[in-house]
**Q** 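Got a structure here, written out as structure tokens. Questions coming.
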4 protein chains.
Amino acid sequence: MEWVFRSDLPLYAQLVEKVKLAIISGELPPGARLNSVRDLAMEAGVNPNTMQRALQELEREGLVYSQRTAGRFVTVNDAAINSAKRALAEEKLNSFLSAMGELGYDRAGLIALLQEGEEKEHGDS
Amino acid sequence: MEWVFRSDLPLYAQLVEKVKLAIISGELPPGARLNSVRDLAMEAGVNPNTMQRALQELEREGLVYSQRTAGRFVTVNDAAINSAKRALAEEKLNSFLSAMGELGYDRAGLIALLQEGEEKEHGDS
Amino acid sequence: MEWVFRSDLPLYAQLVEKVKLAIISGELPPGARLNSVRDLAMEAGVNPNTMQRALQELEREGLVYSQRTAGRFVTVNDAAINSAKRALAEEKLNSFLSAMGELGYDRAGLIALLQEGEEKEHGDS
Amino acid sequence: MEWVFRSDLPLYAQLVEKVKLAIISGELPPGARLNSVRDLAMEAGVNPNTMQRALQELEREGLVYSQRTAGRFVTVNDAAINSAKRALAEEKLNSFLSAMGELGYDRAGLIALLQEGEEKEHGDS
DNA sequence: GTGGTCTAGACCACC
DNA sequence: GTGGTCTAGACCACA
């Protein structure tokens with residue numbers, strides 16, 4: 001996992017984002033054990049407390065659970081993961097829509113653009 | 001204009017991006033005079049050299065031209081602006097496609113998602 | 001507010017409990033401004049971060065909201081308060097039921113006990 | 001027996017409470033021999049004098065008697081135990097009533113709540 | 001002044 | 001070793 005941070009969002013929120021994406025994309029599969037808070041914090045170059053806060057947030061969202069002595073694990077509840085995936089997709093879609101809106105593209109225009117690219121892909125293959 | 005920077009891209013490139021977007025979106029209309037390099041650098045809180053480099057890049061791309069004594073101006077060449085818009089849109093589209101790809105959406109899925117939203121908008125109105 | 005703590009529950013959780021009760025009981029009415037984090041922490045004799053965590057938890061539960069510079073306020077959403085009241089009541093009821101269960105009282109026995117007391121109250125008045 | 005203490009009640013009183021509950025609930029049956037003061041104090045992590053005071057209080061209440069050489073025993077007087085049970089129950093009832101009073105429940109409301117739960121239990125079974 | 005974030009470092013329970 | 005809690009103290013944005 002690459003740990004690069006922006007300055008427009010709290011660190012812990014970006015950590016949540018990163019780990020969540022790893023879970024959603026399957027890089028961290030259901031049931032997988034996460035590294036320890038301390039190790040992850042070292043990796044990311046942040047304070048363990050900051051990493052802890054991020055993981056607790058993920059726990060509250062039901063994507064992760066912790067076992068006292070054994071460590072933290074990705075949930076095995078596929079529904080929770082899929083719901084998070086859906087929410088993230090919607091969020092990305094919306095920010096994309098607004099960004100493209102500034103460039104003068106509305107939904108219809110984007111659909112056209114996508115279909116254009118699709119034909120090209122098929123043409124290439 | 002808001003000047004917030006990420007750490008994963010050179011400053012000057014982010015400056016180029018920001019100004020380019022302002023031109024493309026019409027916030028800086030064709031023929032408009034840009035503030036002086038020194039003023040823009042102050043605004044953005046960057047070194048004037050960095051801002052200078054960004055503006056030269058925009059000049060190279062034909063979106064801006066400078067007149068020795070009067071300052072820098074947005075191009076009046078609509079074709080250049082439209083071409084930049086097209087390029088930027090494609091770039092954003094691609095990064096969006098790859099991001100959504102990680103979440104399991106391909107072009108067809110995204111088209112469906114967009115059409116879904118479109119119907120909803122019409123239903124709401 | 002009295003700040004006395006047990007050792008069987010994290011401090012921050014007890015702080016949540018205390019403030020929640022104050023809101024539910026109306027001691028802190030809807031819309032009321034809470035003292036600043038620092039002041040409350042001083043009052044309670046805890047670290048400001050601990051108090052902060054408690055208040056953020058209340059914020060997540062919708063019982064409190066914060067305004068950047070002005071401070072924190074009790075929600076004006078009566079439904080949220082009533083829902084919290086209901087939940088707290090149920091929780092207290094259950095722990096009471098189990099405690100009385102150890103003494104050999106079941107629901108029916110408790111109802112009898114309560115009715116007994118009720119008659120007595122009426123007799124006294 | 002779990003030994004966790006609050007800070008709002010003298011230690012010895014909490015010890016009395018704990019042992020009394022054990023007797024009332026039958027965990028310490030009539031006639032059972034209690035461990036020595038020293039052992040009990042160790043278990044609970046308190047000073048033997050404190051434990052001694054608690055046991056003397058229980059003796060005064062007639063729930064425990066001591067035999068010079070053999071140690072301390074739970075009373076075999078069922079009436080005494082029942083009376084203690086009754087008193088404890090009333091005490092718990094009262095503190096419960098006052099706590100629920102703060103949440104807006106009076107005796108009648110609580111009876112309703114209890115009957116509600118009773119029906120549900122029967123429905124579930 | 002307000003809330004919010006982050007770090008550093010300590011201590012605890014659990015196994 | 002693990003997660004969890006707490007403190008102390010710093011810095012920031014906002015108005």
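Note on naming: letters A, B, ... go to the chains in the order of the sequence lines (proteins, then strands), and numbering restarts at 1 for each one. Because the structure is a prediction, the values reported are computed rather than measured.
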**Q** Look at the side-chain N and O atoms of Thr69(C) and state whether any lies under 4.0 Å from the OP1 or OP2 oxygen of dG3(E).
**A** no
**Q** Looking at dT2(F), I'd like to know if its phosphate oxygens (OP1 or OP2) sit under 4.0 Å from a side-chain N or O belonging to Ser36(A).
**A** yes
**Q** Look through every strand shown and name the nucleotide pairing with dT2(F) as Watson-Crick or G-U wobble, where both distances are under 3.5 Å.
**A** dA13(E)
**Q** Is any side-chain N or O of Tyr12(A) closer than 4.0 Å to OP1 or OP2 of dT5(E)?
**A** yes
**Q** Decide, yes or no, whether a salt bridge links Arg72(A) with Glu59(A) under the criterion of side-chain N to carboxylate O below 4.0 Å.
**A** yes
**Q** Would you indicate, yes or no, if dC15(E) has its OP1 or OP2 atom less than 4.0 angstrom from a side-chain nitrogen or oxygen of Gln67(A)?
**A** no
**Q** How long is the span from the CG atom in Leu28(A) to the CZ atom in Phe73(A), to the nearest 0.5 Å?
**A** 12.5 Å
**Q** Between the base of dG9(F) and the side chain of Asn49(C), is one N or O donor paired with an acceptor at under 3.5 angstrom?
**A** yes
**Q** Distance check needed: dG3(E) C1' versus Arg38(C) CZ, whole Å only.
**A** 7 Å
**Q** For dG3(F), take OP1 and OP2 only and decide whether either is under 4.0 Å from a side-chain N or O of Gln52(A).
**A** no
**Q** Drop me the distance from Leu103(D)'s CG to Leu21(C)'s CG, to the nearest 0.5 angstrom.
**A** 6.0 Å
**Q** Counting heavy atoms from C-beta on, name the nucleotide in dC14(E), dC6(F), dA8(E) closest to the side chain of Arg68(A).
**A** dC14(E)
**Q** At less than 4.0 Å, is any side-chain N or O atom of Thr50(C) found next to OP1 or OP2 of dT5(F)? Yes or no.
**A** no
**Q** Charged N to carboxylate O below 4.0 Å: is that the case for Glu17(D) and Lys20(D)?
**A** no
**Q** Using whole Å, report how far CG of Asn35(A) lies from P of dG1(F).
**A** 15 Å
**Q** How many Å lie between CZ on Arg72(A) and C1' on dG1(F), as a whole number?
**A** 15 Å
**Q** OP1 or OP2 of dT5(F) versus the side-chain N and O atoms of Arg53(C): is any pair under 4.0 Å?
**A** yes
**Q** Counting distance alone, no hydrogens or angles: does the base of dG1(E) have a donor or acceptor under 3.5 Å from a partner atom on the side chain of Asp39(C)?
**A** no
**Q** Could you check how far CG of Leu40(A) sits from P of dG1(F), rounded to whole Å?
**A** 16 Å
